[in-house]
2 protein chains.
Amino acid sequence: MTGRPDTPRSRRERPAKPALTREGIVAAAVAVLRAEGLRKVTMRRLAEELDTGPASLYVYVRNTAELHAAVLDELLGTVGPTPAGGSWRERLERVLTAYTAMLFDHPELARSALTARPSGPHYLNLIENLLALLDEGGVPPAQAAWGVDLLLQHATATAAEHAGDGASKEDWDAVAAALHAASERTHPHIAGLAGPLLSGTPQARLTWGFQALISGIERTAVPE
Amino acid sequence: MTGRPDTPRSRRERPAKPALTREGIVAAAVAVLRAEGLRKVTMRRLAEELDTGPASLYVYVRNTAELHAAVLDELLGTVGPTPAGGSWRERLERVLTAYTAMLFDHPELARSALTARPSGPHYLNLIENLLALLDEGGVPPAQAAWGVDLLLQHATATAAEHAGDGASKEDWDAVAAALHAASERTHPHIAGLAGPLLSGTPQARLTWGFQALISGIERTAVPE
DNA sequence: ACCTGAACACCGTTCAAGT
DNA sequence: ACCTGAACACCGTTCAAGT
């Protein structure tokens, strides 16, 4: 026989049960996210993945929301630096577009980022980059500070909108139908603008949104 | 004895079990929302409230997301018309602020509205109002059409941000700490702007955001 | 301190069966 | 057609107990 002597072994044949750490938990979470989406990134599922019980995770992670925020910061690290070249405005748009593109791949994560603001190192780098570009463009610092929030909110919210709880498509059809069905009598502006209201790819709308935002941030003084 | 004769009656003493209708379900949902928040507006809880089983609700409502959207449209009906007076810009800000104020009372609803766009009658009225005001201000129709989305997104996302999964406060403290701890060396812009980055009441930021948005929408041409 | 089994208190959704 | 009991396949979080 080739088998080792009949000693008892753990139920699951794993190389070695790695010690539980915050990094290990976040890494497992990222893996599950990539493979099956955020809906499966649950305490119970992660515990199973790490060969322990759900209660053990609470030693390292306050709750599910905090876990999701940590996952986002982790993914933010994969976005990478934006290549130089072009005006500050173009580079600003490029940084924001890269960030949004990452979120588009994980819309449920965007959704959760709206509530549980990330505060990890990669997020800080992103903010620093945005502030630097706005500064280069001569945007008054106070406006830049508030503007960064507005820009990131637009990016995050736009990505979050594409988080289908499964519905998204029928949902959009319902909106389109409602707008087209709007009466000329009671809703003249909608009736006249049904086309533009529904036109544009998400990409085109996103870019236009960034441009409008930047333009507004430049010109709008902060109170006091 | 004052009691009626000992005839069998239904377990729960209810006047009459009302027929199940979509309106009845939505009304019950609004009641539960007001009393206990959106987290309790679940199929199972509503079924209990309506003295039936959860499966019965699926005859009238496709899923939980659709139910939440219907609830939002219902609440939108309570916002009421905005009083006249002031410039188109002031009135526009007032309509948006009233909408956001409603959402601030139900941040979890705002969160869900970001994904499951409402398309009910009250939402349509809101869009019509916004388009009318932008038109009055001479904003080119195509820009107004896309701009409405941007304005409502800002309102909704800002309200959603205040949806605490319980965390919100510690969460904000974490962001504040991270920003204050940013090194002068690696994050000079953050270090220099820690004050402005964290300043302003939600109300002040919201209003400034609307102003910046309106300014940008006015000046930014839609592609093609 | 760190870790965990077990429990508490829930979920959404589907389906076969009844009226 | 409308309605439903029961089941399937899960959740987050806490707590008392162990090492």
Checklist entry - How is A:S56 classified with respect to the nucleic acid when contacts are heavy atoms under 4.0 Å: base, sugar-phosphate, or nothing? => result base

Item to check | Spacing between B:E48 atom CD and C:dA9 atom C1', to the nearest angstrom | outcome: 12 Å

Item to check | Phosphate-side-chain proximity, B:T42 and C:dC10, N/O vs OP1/OP2 below 4.0 Å | outcome: no

Item to check | Distance in angstrom units between A:M43 CE and D:dC10 P, rounded | outcome: 18 Å

Checklist entry - Distance between the C1' atoms of C:dA17 and D:dC2, in whole angstroms? => result 13 Å

Item to check | Test side-chain hydrogen bond (donor to acceptor under 3.5 Å, both in side chains) applied to A:H189 and B:N129, step by step | outcome: CA-CA 9 Å; A:H189 292 91; B:N129 285 343; over 6 Å; no

Item to check | Whole-Å gap separating P (C:dC11) and CG (B:L38) | outcome: 12 Å

Checklist entry - Between A:T64 and B:L20, which has a closest nucleotide on DNA chain D that is more 5'? => result B:L20

Item to check | salt bridge (charged side-chain N to carboxylate O under 4.0 Å, His left out) contacts in which one or both residues fall within residues 145-160 of chain A, not counting sequence neighbours | outcome: A:R117-A:D149, A:D149-B:R205

Checklist outcome for this item: Checking C:dG12, D:dG12, C:dC11 against the side chain of B:R45 (C-beta onward), the nearest is C:dC11

Next on the checklist: If I pick the P atom on C:dC8 and the same atom on D:dC10, what distance separates them, to the nearest angstrom?
Outcome noted: 22 Å

Checklist entry - Where do B:L33 and B:K40 land on the side chain to side chain contact (heavy atoms under 4.5 Å, CB included) test, with the steps shown first? => result CA-CA 7 Å; B:L33 172 72; B:K40 299 283 189 179; over 6 Å; no

Checklist outcome for this item: Rounded to whole Å, the CD1-P distance (A:I25 to C:dT4) equals 11 Å

Item to check | Gap between atoms OH and C1', on A:Y58 and D:dA16 respectively (whole Å) | outcome: 17 Å

Next on the checklist: What is the separation between atom CZ on B:R44 and atom P on C:dT14, rounded to the nearest whole Å?
Outcome noted: 13 Å

Next on the checklist: I want to verify a distance call: between D:dT13, C:dC10, C:dG12, whose nearest atom is closest to the A:N63 side chain?
Outcome noted: D:dT13

May I have the list of side-chain donor-acceptor pairs in residues 192-204 of chain B shorter than 3.5 Å, sequence neighbours left out?
unit_1: B:S199; atom_1: OG; unit_2: A:W146; atom_2: NE1; d: 3.2
unit_1: B:S199; atom_1: OG; unit_2: B:P196; atom_2: O; d: 3.2
unit_1: B:T201; atom_1: OG1; unit_2: B:A204; atom_2: N; d: 2.9
unit_1: B:Q203; atom_1: OE1; unit_2: B:T207; atom_2: OG1; d: 3.4

Checklist entry - Pairs in or reaching into residues 106-126 of chain B: which pass ring-ring contact (aromatic ring centres under 6.0 Å, His included), with residues at least two apart or in two chains? => result none

Checklist entry - Mind pulling the stems DNA chain C is in, i.e. runs of at least three Watson-Crick or G-U pairs, everything under 3.5 Å? => result C:4-8 with D:12-16, C:12-16 with D:4-8

Item to check | B:T78: side chain to side chain contact (heavy atoms under 4.5 Å, CB included) partners, not counting sequence neighbours | outcome: B:R34

Contacts under 3.5 angstrom, residues 19-27 of chain B side chains, donor-acceptor by atom type, not counting sequence neighbours:
unit_1: B:T21; atom_1: OG1; unit_2: B:G24; atom_2: N; d: 2.9
unit_1: B:R22; atom_1: NE; unit_2: B:Y60; atom_2: O; d: 3.3
unit_1: B:R22; atom_1: NH2; unit_2: B:E66; atom_2: OE2; d: 2.2

Checklist outcome for this item: Atom CZ of B:R39 and atom C1' of C:dG12 are separated, to the nearest Å, by 17 Å

Checklist entry - Roughly, in whole Å, what's the span from NE2 in A:H68 to C1' in D:dG12? => result 11 Å

